[in-house]
*Asks:* 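Okay, handing you the structure first.
Because the structure is a prediction, the values reported are computed rather than measured.
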Amino acid sequence: QVQLVESGGGLVQAGGSLRLSCAASGRTFSTAAMGWVRQAPGKEREFVAAISRSSLNTYYADSVKGRFTISRDIANTVDLQMNSLKPEDTAVYYCAAGRPSSLASLREYDYWGQGTQVTVSS
């Protein structure tokens, strides 16, 4: 099993920044890819960003390109730097990990964190 623990959510004004962090523990050989998924009230889950184990490959949703940056260290921690935040970025952000056939293949991520709330006020 893999345990994922997120931190760093909170309340910020539009245009501000937040940094989310996710620490993986347990059978981390199963965390070939790690990423962030968000879900706003009444909406489906949206894959925000993902990164490979080597950090050579990344994926970003069009809605966050140029504003969010995903990074990963050798200790199996993945961060999401979120800049120029907008009210529509408000959601619960979940860390995900697994061995997907492609980074953007949401259904192939096996492990999930409990989520951290990000609220962007206008």
*Asks:* Does the side chain of Gln117 come within less than 4.5 Å of Thr90's, by heavy atoms?
*Replies:*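 Side-chain contact under 4.5 Å: yes.
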
*Asks:* Within 45° of the axis and under 6.0 Å from the centre of the six-membered ring of Tyr94, does NZ or CZ of Arg45 qualify?
*Replies:*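 Yes, cation above the ring, under 6.0 Å and within 45°.
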
*Asks:* Please determine which of Cys95, Cys22, Ser21 meets the side chain to side chain contact (heavy atoms under 4.5 Å, CB included) test together with Thr77.
*Replies:*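 Only one option passes, and that is Ser21.
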
*Asks:* Identify the two heavy atoms, one from Glu6 and one from Gln114, that lie closest to each other, and give their separation to 0.1 Å.
*Replies:*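 Looking at all heavy atoms of both residues, the closest pair is OE1-N, 3.1 Å.
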
*Asks:* Counting C-beta onward and ignoring hydrogens, is there a side-chain heavy-atom pair between Leu20 and Met82 closer than 4.5 Å?
*Replies:*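 Sidechains of Met82 and Leu20: in contact.
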
*Asks:* Donor-acceptor check, side chain of Thr116 to backbone of Gly9, threshold 3.5 angstrom: yes or no?
*Replies:*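 It does hold such a pair.
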
*Asks:* Which heavy atom in Pro87 sits nearest to a heavy atom in Ala14, and how many Å separate them?
*Replies:*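 Result for this residue pair: CD-CB, 4.1 Å.
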
*Asks:* Taking all non-hydrogen atoms of both residues into account, name the closest pair between Ala40 and Ala91 and its distance.
*Replies:*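 In terms of heavy atoms, the two residues are closest at N-CB, 3.8 Å.
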
*Asks:* Do the side chains of Val37 and Val48 get nearer than 4.5 Å, heavy atoms only?
*Replies:*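 The answer is no, as the side chains (C-beta and beyond) never meet within the 4.5 Å cut-off.
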
*Asks:* Is it the case that atom CD in Glu88 sees more than 12 heavy atoms from other parts of the structure closer than 6.0 Å?
*Replies:*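 Yes - once you tally the heavy atoms of other residues, nucleotides and ligands closer than 6.0 Å, there are more than 12.
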
*Asks:* Hey, could you give me the CZ/CG distance between Arg72 and Leu80, rounded to the nearest 0.5 Å?
*Replies:*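 Here the rounded value is 14.0 Å.
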
*Asks:* So Arg53 and Thr31, side-chain contact (heavy atoms from CB on, under 4.5 Å) or not? Walk me through it.
*Replies:* CA-CA 7 Å; Arg53 181 185 296 279; Thr31 59; 3.7 Å; yes

*Asks:* Once you round to the nearest 0.5 Å, how far does OH of Tyr109 lie from CZ of Arg99?
*Replies:*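 Going from the OH atom of Tyr109 to the CZ atom of Arg99 covers 12.0 Å.
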
*Asks:* Quick one: pull up CG in Leu4 and CH2 in Trp112 and give me the separation to the nearest 0.5 Å.
*Replies:*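 One gets 10.0 Å once the value is rounded to the nearest 0.5 Å.
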
*Asks:* Let me know which of Phe47, Tyr59, Tyr60 forms a side chain to side chain contact (heavy atoms under 4.5 Å, CB included) with Leu103.
*Replies:*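 Going through the options one by one, the only one that passes is Tyr59.
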
*Asks:* Rounded at 0.5 Å granularity, tell me how far CD in Gln3 sits from OG in Ser25.
*Replies:*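 With rounding to 0.5 Å, CD (Gln3) is 4.5 Å from OG (Ser25).
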
*Asks:* Is any NZ, NE, NH1 or NH2 atom of the basic residue among Arg19 and Asp79 found under 4.0 Å from an Asp or Glu carboxylate oxygen of the other?
*Replies:*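 The answer is yes: the pair qualifies as a salt bridge.
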
*Asks:* Nearest 0.5 Å, please: how far is CE in Met34 from CD1 in Ile51?
*Replies:*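 The distance works out to 10.0 Å.
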
*Asks:* Looking at Lys86 and Asp89, is there a salt bridge between them, counting it only when a charged N and a carboxylate O are closer than 4.0 Å?
*Replies:*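 Result for this pair is no, no salt bridge flagged.
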
*Asks:* If we only count heavy atoms from C-beta on, is the Ile70 to Val78 side-chain gap below 4.5 Å?
*Replies:*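 A side-chain contact exists here, since the closest heavy-atom pair is under 4.5 Å.
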
*Asks:* Between atom CG of Leu18 and atom CD of Gln81, what is the distance when rounded to the nearest 0.5 Å?
*Replies:*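 Leu18 CG to Gln81 CD: 8.5 Å, rounded to 0.5 Å.
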
*Asks:* Any non-hydrogen side-chain atom of Leu85 less than 4.5 Å from a side-chain atom of Phe68?
*Replies:*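 A side-chain contact under 4.5 Å exists here.
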
